[in-house]
Amino acid sequence: MSELPELSYALDTFYFLICGVLVMWMAAGFSMLEAGLVRSKNTAEILTKNIALFAIACTMYLLVGYYVMYSSDAGGFLPSLGALIGSENGVEAVLAGGDDAPYYAMRSDFFFQVVFVATAMSIVSGAVAERMKLWAFLAFAVVMTGFIYPVSGYWTWGGGWLAEVGYSDYAGSGIVHLAGAAAALAGVMVLGPRKGKYGKNGSIYAIPGANLPLATLGTFILWMGWFGFNGGSELKMSDVASANNVAQVFVNTNAAAAGGVIAALILAKLWFRKADLTMSLNGALAGLVAITADPLSPSALGAALIGAVGGLLVVVAIVTLDKLKLDDPVGAISVHGVVGIWGVLAVPLTNGDAGFGAQLIGILGIFVWVFVASLIVWLILKAVMGIRVTEEEEYEGVDLTECGLEAYPEFGVAKS
């Protein structure tokens, strides 16, 4: 450490922290997106879920998750179990060993990683919106952020068995986004669809969101935050090569999002005869998810094409999931799951160090673990405390039943 130039150390630490702040700002993006895509009677509850899950994720990852993810044996399958409780410098201690001197403060690494786990949990929130009990959701958040996500994180970024087989995922198309989508899919399957969403003869009834301007704002916030998500994953920028890489990552991230919007908008126009705003918003997010697995290797045009494929896939996936009667109010499973898989598989197209075999193994490993573990937790919660509100509560809106207030009281119909 003593040989490390102090200025480079300070610069890389500062860059890491600022990228973490940008990723933290994505929590606001998820909140606004989800609040805009649900009905007004469920707005306050979903906002409560988002701020509470962020707090739970930060606390559980500090107490347990970070230790699980980064203190286990290289190439292993079973993580070391432990906690950082009671150690003022416990976060640094987890990564203090090894021959390579760190080029940034270990606290900055923890901060960057903790906002990632909160992002994974935010994906679940929108998929189970409008019919899940608040406290059941928060109980799941404790397990997801403290154990489920850190285990697959150990397998990959923590140097476990998936890292050993050569799985490549620069900023987490699979590690973060597919994991969140797998947990969401398990929850949606146990929970069931919203009342009135599907008819008896296979008919599908749209349930429009209450505030599309808010959903659009949320998408732009996520787009902005993604520069920290992908850019920070370069880990440093104090030398010429790293600085050039960061610039390439920013350009590619932006290009992929733009490609996703354009592709989704065109497909929606051709398919539905309308320029569907919600599909365009999900197209932007799909482009971002698609490029996250490797925003460095492609050219800018290549990144735009990868994002465009993601934009096409998300439209098809949203329609397909509806036909399967898997009710996802915000399209989270399609955006983060289906397109997350595409992003992971796209890596070998431009990165010669990655192979399709290792990528497939990574996809299967992450999905099976997170889905099965989440399914077990959802089923336990269903048996112990119930996870779905009553039909009457769903009709009235979960704002009143779960939070005792309305997000838009001047437009409400509740009795005083």
Side-chain angles (χ1 to χ4, degrees), residues 16-36 38 42-70 83-88 90-91 94 107-130 132-151 153 172 175-177 179-180 183-184 187 214 218 221-222 225 228-229 232 330 332 336 370 374 377-378 381 385 387 398-399 401-405 407:
F16 219 4
L17 290 171
I18 292 302
C19 286
V21 170
L22 282 172
V23 179
M24 184 273 168
W25 185 231
M26 292 173 68
F30 279 113
S31 299
M32 296 301 97
L33 175 67
E34 293 171 19
V38 301
N42 300 312
T43 306
E45 191 265 356
I46 204 164
L47 294 174
T48 303
K49 280 177 19 180
N50 272 274
I51 195 167
L53 76 84
F54 188 85
I56 289 170
C58 291
T59 304
M60 290 304 301
Y61 199 67
L62 173 65
L63 297 181
V64 181
Y66 190 71
Y67 187 95
V68 170
M69 192 162 167
Y70 286 109
L84 302 173
I85 302 173
S87 173
E88 177 63 25
V91 173
V94 173
R107 287 280 180 179
S108 66
D109 178 81
F110 168 79
F111 180 70
F112 189 68
Q113 294 298 332
V114 77
V115 289
F116 268 53
V117 69
T119 298
M121 190 60 218
S122 295
I123 296 166
V124 184
S125 174
V128 299
E130 301 202 296
M132 173 168 277
K133 290 182 177 180
L134 173 63
W135 290 97
F137 174 83
L138 297 182
F140 178 79
V142 170
V143 183
M144 176 68 177
T145 59
F147 184 69
I148 297 176
Y149 172 89
V151 168
I175 299 168
V176 178
H177 296 280
L214 202 62
I221 291 174
L222 288 168
F229 200 96
V330 304
H336 302 276
V370 177
S374 298
V377 175
W378 286 125
L381 290 172
M385 62 189 301
I387 63 172
V398 289
D399 279 5
T401 59
E402 295 283 6
C403 301
L405 51 82

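Side-chain atoms are counted along with the backbone in the values below, which use heavy atoms only and exclude waters and symmetry mates. Remember, it's a predicted structure, so these values are computed and weren't measured experimentally.
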Please find the pair of heavy atoms, one from Ile46 and one from Ala129, that lie closest to each other, and give the distance. CD1-CB, 3.6 Å
Can you name the closest pair of heavy atoms from Ile175 and Gly153 and give their distance? CG2-CA, 4.5 Å
Euclidean distance, Ile221 CD1 relative to Met26 CE, rounded to 0.5 Å: 11.0 Å
Could you check whether any side-chain N or O of Trp378 sits under 3.5 Å from a backbone N or O of Ala183, counting only pairs where one atom can act as donor and the other as acceptor? yes
Mind listing the closest non-hydrogen atom pair of Leu53 and Leu138 along with its distance? N-CD2, 4.3 Å
Counting C-beta onward and ignoring hydrogens, is there a side-chain heavy-atom pair between Phe110 and Leu62 closer than 4.5 Å? yes
Given Val115 and Phe54, is the side-chain contact (heavy atoms from CB on, under 4.5 Å) satisfied, shown in steps? CA-CA 8 Å; Val115 289; Phe54 188 85; 4.1 Å; yes
Note: Glu34 and Ser125 closest approach over all heavy atoms is OE1-OG, 2.9 Å
Would you sort out whether Asp399 and Glu45 count as a side-chain contact (heavy atoms from CB on, under 4.5 Å), showing the intermediate values? CA-CA 5 Å; Asp399 279 5; Glu45 191 265 356; 3.6 Å; yes
Should the pair Tyr66 and Tyr61 be assigned to parallel (<30°), tilted (30 to 60°) or perpendicular (>60°) ring geometry? perpendicular
When rounded to the nearest 0.5 angstrom, what is the spacing between CG in Asn50 and CE in Met121? 9.5 Å
Do other residues, nucleotides or ligands put more than 12 heavy atoms under 6.0 Å from the CD1 atom of Ile51? no
With rounding to the nearest 0.5 angstrom, report the CE to SG distance, Met24 to Cys19. 15.0 Å
Using the side-chain contact (heavy atoms from CB on, under 4.5 Å) definition, which of the options Thr145, Val128, Leu381 pairs with Phe140? Leu381
Rounded to the nearest 0.5 Å, what's the gap from OH on Tyr70 to CG on Asp109? Could you check? 6.0 Å
Near-ring test Phe116/Phe229, centroid separation under 6.0 angstrom: yes
CE-OH distance between Met144 and Tyr149, expressed to the nearest 0.5 angstrom: 8.5 Å
Minimum heavy-atom separation for Val124 to Gly180, with atom names? CG2-O, 3.6 Å
Note, Lys49 side chain near Leu134 side chain (heavy atom, < 4.5 Å): yes
Given side-chain contact (heavy atoms from CB on, under 4.5 Å), test Val143 with Ile148 step by step and report yes or no. CA-CA 6 Å; Val143 183; Ile148 297 176; 4.0 Å; yes
Have Glu402 and Thr48 got a donor and an acceptor in their side chains that come within less than 3.5 Å? no
Can you tell me how the ring of Phe112 sits relative to the ring of Phe16, calling it parallel under 30°, perpendicular over 60° and tilted otherwise? tilted
Closest non-hydrogen contact found for Ala139 with Met385 is CB-SD, 4.5 Å
Between Val68 and Val151, is any pair of side-chain heavy atoms under 4.5 Å apart? yes
Between atom SG of Cys403 and atom CG of Leu47, what is the distance when rounded to the nearest 0.5 Å? 9.0 Å
Can you check side-chain contact (heavy atoms from CB on, under 4.5 Å) on Ile123 and His177, steps first, answer last? CA-CA 8 Å; Ile123 296 166; His177 296 280; 3.8 Å; yes
